[in-house]
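Below you'll find the structure, written out as structure tokens, and then a few comments.
Here the structure is a predicted model, which means the values were calculated and not measured. Just so we're on the same page: letters track the sequence lines, and every chain starts at 1.
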Amino acid sequence: MARATRLEYRNVTMRFADTAGRGVTAVAGVSLAIADAEVVALIGPSGCGKSTLLNIGAGLYAPTDGAAFVDGERVEGPNAHVAFMLQKDLLLPWRTVAENVMLGAEIHGQPRSQRRRRAHELLDGFGLGEFAGRYPHQLSGGMRQRAALARTLAVEPSVLLLDEPFSAVDAQTRMVLQRDLARTLTRAGKTALLITHDLFEAVTLSDRVLVMSARPGRILEEMTIDLPEREDPLARRRDPRVNDYVARLMDRLQIGEDTLEPQAIGGGA
Amino acid sequence: MSARPRLPPGAAASVALLVVFLAAWEWGPGLLRIPSYIIPSLSEVAREAVRMWQVSHVLMHTGVTAGEVLAGFALGSLLGAFIGYLLGMSPATEVALSPYILALQIAPKVAFAPLFILWMGYSVYPKILVAVLIVFFPVMVNVLTAIRTVDPDLINLARSFKATRAQIFWKIEFPASIPALFAGLRIGATLAVVGVVVGEFVGGNLGLGFLLTFGEGQANTPMVFVSIVLLTLIGGIAYLGVVLTEQRVLHYLPGRNANRRVG
Ligand SMILES: Nc1ncnc2c1ncn2[C@@H]1O[C@H](COP(=O)(O)OP(=O)(O)OP(=O)(O)O)[C@@H](O)[C@H]1O
Ligand SMILES: [Mg+2]
């Protein structure tokens, strides 16, 4: 494993001042490193600071202590190498699907013809070609989430931060989206940090799963997923070893704290 | 796709109601023995309208009032939107100004009309100014609230693309505030008429507000009615103008232009 490190957190601590004036420590001393083209899943109880870590990686929050690094460079603010995607699609209702996909490139000042070509390429790739001129409200939830993924990829980031990207879509659509994402990540060789509550998603999509403790969040355990076919989560899902990994993760989460959310074990249905 | 747009349900009932209303206006007062200086019948009002057309320069007065409404509405909305966006972008300014804005908002704006007349004389300006003041608030408050309630994740999305403050405003905040801006403009369109009429009540010899008080002084009830109808018409046209513009601008929202399906 001599691959370069793409995303790294060094001893990151984040404290929020709450309304009462007391501080809330969301994450405490988290260190982790993600290699080039690696997909790492991050799981942990609700409120343990997963989204906070993502925001720090995206340069949206400045950590109280420690720092995040992308390609060895300290993250001081939003930067062009990182893009994020949330559970909410965040499509702008006044823009067509293609215009939404182009948002990042447009902000970066890319020439119009170039960004339009890129948007249509991506939309075609996700089977949304004929919807390029539609408005978001004319799309289904799964299609909207796919458009959001296209928007995330359109800025050609080297690191993708994904915060429960598919938790708002139905189980069947989710499986299709997971396959699309896995393919895209593998083919383009992207590095990704995937936050999820769905243990099956964590195991089938990633090379490695990190388990966080309840707040203040720390990394409790790291589990390497030794399974073939990362680009095809549907095939992986049929592998009986997936169940062993999931069982181990369940154990690990319950040992840490019994605040495990019911949805965390329901995802495989 | 069938091209012919269907009338919304209830449209027929609405027309029927209008016919009933007009009929009641025409024959109701006579049947109930209400004297015509209290409620003149429809035909008396119509006759008075013709008379006013011929001798009272009603068209000119209507034009003056409509012009004042338009000017007051346009200036008030521009100012309200501008200040709304300004305060929305700068929370510190909002905190500093909010008690004064609140005080002004609570003060009955029409009460300023005599003051403005003292300042500016019997011209169209004090009337426009009252309208500006009265239109300003709903537009400003709506815009301010809209800017305040833009989904912070949308802002973060733009920030993650390294958007500048101006880009965040023009690409996210401003378009996100448009529906609320139009809600404010709708309220403003109807309030502008109120502001202008009160200004015309207070001083001057121009406009429908003047005709209204003039008719009152002469105990000419039909003249009062004609003026009210014309004022309502001006307000209605202003409101309709806003709604039609809104439909064009907000065409991307679901439920609008339902007849113009894509595909
Ligand atoms: N901007 C903020 N201001 C104050 N407190 C915050 C802020 N963001 C997060 N927190 C707090 O930090 C803690 C961790 O929040 P975070 O959103 O990172 O959790 P999470 O692991 O993503 O949870 P979930 O799985 O429910 O999404 C929570 O207690 C939350 O209340
Ligand atoms: Mg979260």
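Proximity to chain B is limited to the side chain of A:L92, based on heavy atoms less than 4.5 angstrom apart. For A:L60, the parts lying near chain B are the backbone and the side chain together; criterion is any non-hydrogen pair under 4.5 Å. Both the backbone and the side chain of B:I172 come within less than 4.5 Å of a heavy atom of chain A.
Counting non-hydrogen atoms of other residues, nucleotides and ligands closer than 6.0 Å to CZ of B:R165 gives a total above 12. Within 6.0 Å of OH in B:Y125 there are 12 or fewer heavy atoms belonging to other residues, nucleotides or ligands. Atom CZ of B:F82 has 12 or fewer neighbouring heavy atoms from other residues, nucleotides or ligands inside a 6.0 Å radius.
Ranked by heavy-atom pairs under 4.5 Å with chain B, the first of A:T96, A:N79, A:I107, A:L86 is A:I107.
Interatomic distance, B:F161 CZ to A:F84 CZ, rounded to the nearest 0.5 Å: 7.5 Å. Interatomic distance, A:N55 CG to B:R159 CZ, rounded to the nearest 0.5 Å: 9.0 Å. Distance check: B:L157 CG to A:T152 OG1 gives 7.5 Å after rounding to the nearest 0.5 Å. To the nearest 0.5 angstrom, B:K171 atom NZ is 5.5 Å from A:R95 atom CZ.
Listed here is the closest heavy atom pair of A:P78 and B:S160: CB-CA, 3.9 Å.
Taking the centre of each ring, B:Y252 and A:H137 stay at or above the 6.0 Å mark.
Looking only at side-chain heavy atoms (C-beta outward), A:K88 and B:D151 come within less than 4.5 Å of each other.
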